[in-house]
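Notes follow the structure.
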Amino acid sequence: MSQPIEQGRRKPITAEQVGSRLNAALAHGRKLQVTGGWAEAKEYLDGISGVIEAAQIGILNERGLVNRMRGDYTAADRDFLIARAIAHSRGDFEGEITAIGGQIDLARTGDRDPNYKRGKDLEFAQALKNEAINVLFRISDEWNLAKVNTFIQLGLLDHELGDKEQALEEYALAEQGCRTLLKKKPRSAGLQNRLMRVLTIKGVTQTDLGQFEDAAASQKEAFRGYTKLHDVRGVVNAARSLAEIAEKTGNIEAAIEWNQKAVEASEQIMEGGEIKIIDPTGNKLASEAILRLSKS
C-alpha cells in the first residue's frame, strides 16, 4: 500500500496505473489490427514500443545508479549493460553514454563491493573511456546532463590514474556545461547539485596539485551551494576539504574551524535534544581531525 503524501502534491503514478494505461493502448492497437488497419496498427504500435524503450533506458540508468550507491555493484552492472544495449539499438546517444559512464564508475571503484566479481579494473575503465569519447563525438554540440556526467566520470578516472592535469581539463568542461545549462534553468536543483559536485572534486584535484588558492575558491563555492541545497553530505565533504587546505597551508585554527563546521553539518538535533548523526563517516573523520589538530 502506498504511503500518504503531503496535501496538494500530485500523487506518483503507480505500477497498476501504468499497466492499465499500457493495456488500454494495446487494446487500441488490437482494434486497428482486427479491423484491417494493419499499416495504421503497425505505426501506432511502433510508437508505443519506442516510448517504452526510451523510458526503460532512463529507468535502468537511474536504477543502476541507485544500486551502485547501495553497494550492489553486480545489479548496477546489469542495469547499465542492458540500458546501454537498448540505447545503442535505438541510436539514443545520451542514454548510451550515461550507461557507459556508469560502467566506468563501477570499473574504477569496483573494490568497494566485495561481492562484485569483476572488482576494480582500471584497464577496463580505460577501454570504456575510449568508447565514451567515441559516443561524445556523435552527440549534439549542445550541452546536456549526460555530457556533463560523462566528463565528471572521465575526470575521476584520470585522477585515479594519476593524470591530474587531464582530470582538471575534464572537470573544467563539466563545469562549463553545468553553468551553461544553469543559465537556462537557474532554479534547477539537479543542475545546481551537479555543479557543486564538479567544484568539490575539482577542488580535491587542485589541492593535490598544490593549487591551494584555486582549491579553496572551488570548495567555498561548493560549501555555499550545498548549504543552500541542504545537501548534508556535500556540505560535510566541502568543509573537510577546506579544513585539509587550511592545514596544508599552516592555518591550524582555520582547519579546526572547518572541521567543526563539518561536525555540526553532519548532526541534527531531534526533539528532546537527541542528536542524530546524518553522515557518520564525515562526522567521525572531522571529529578525529579536530582532536589531532588541537594537540598539535
In plain terms, say whether [X] and [Y] are close enough for a salt bridge, that is, a side-chain N and a carboxylate O under 4.0 Å apart.
X	Y	value
E267	K276	no
R84	E131	yes
E160	K120	yes
R292	E288	no
E244	R240	no
K164	D208	yes
D79	R68	no
E142	K184	yes
R179	E175	yes

query = Mind checking whether D163 and L157 have side chains closer than 4.5 Å, heavy atoms only?
reply = no
key: Beyond-backbone contact of L81 with L60, side-chain heavy atoms, under 4.5 angstrom   =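 No, their side chains stay 4.5 Å or more apart.
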task = Kindly check if the number of other-residue, nucleotide or ligand heavy atoms within 6.0 Å of NZ (K284) is above 12?
result = no
query = More than 12 foreign heavy atoms under 6.0 Å from NZ of K129: is that the case here?
reply = yes
Side chains of [X] and [Y] only: does a donor on one sit below 3.5 Å from an acceptor on the other?
X	Y	result
N149	R194	yes
N283	S266	yes
S218	Q206	yes

key: Closest non-hydrogen atom pair between S294 and I290, with its separation   =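 Smallest heavy-atom distance, with atoms named: OG-O, 2.7 Å.
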ask   = Given the rule that I, L, V, M, F, W and Y join up when any side-chain heavy atoms are under 4.5 Å apart, are I100 and L136 in one cluster?
value =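 Cluster IDs for I100 and L136 match.
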message = Is there a path of hydrophobic side-chain contacts, each under 4.5 Å between heavy atoms of I/L/V/M/F/W/Y residues, joining L191 to M196?
response = yes
query = Quick one: ring-ring contact (aromatic ring centres under 6.0 Å, His included) pairs with a partner in residues 57-97, sequence neighbours left out?
reply =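 Every pair satisfying ring-ring contact (aromatic ring centres under 6.0 Å, His included) with a residue in residues 57-97: Y73-Y116.
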Are the side chain of [X] and the backbone N or O of [Y] linked by a donor-acceptor pair below 3.5 Å?
X	Y	result
D92	I57	no
N193	A189	no
T249	A246	yes

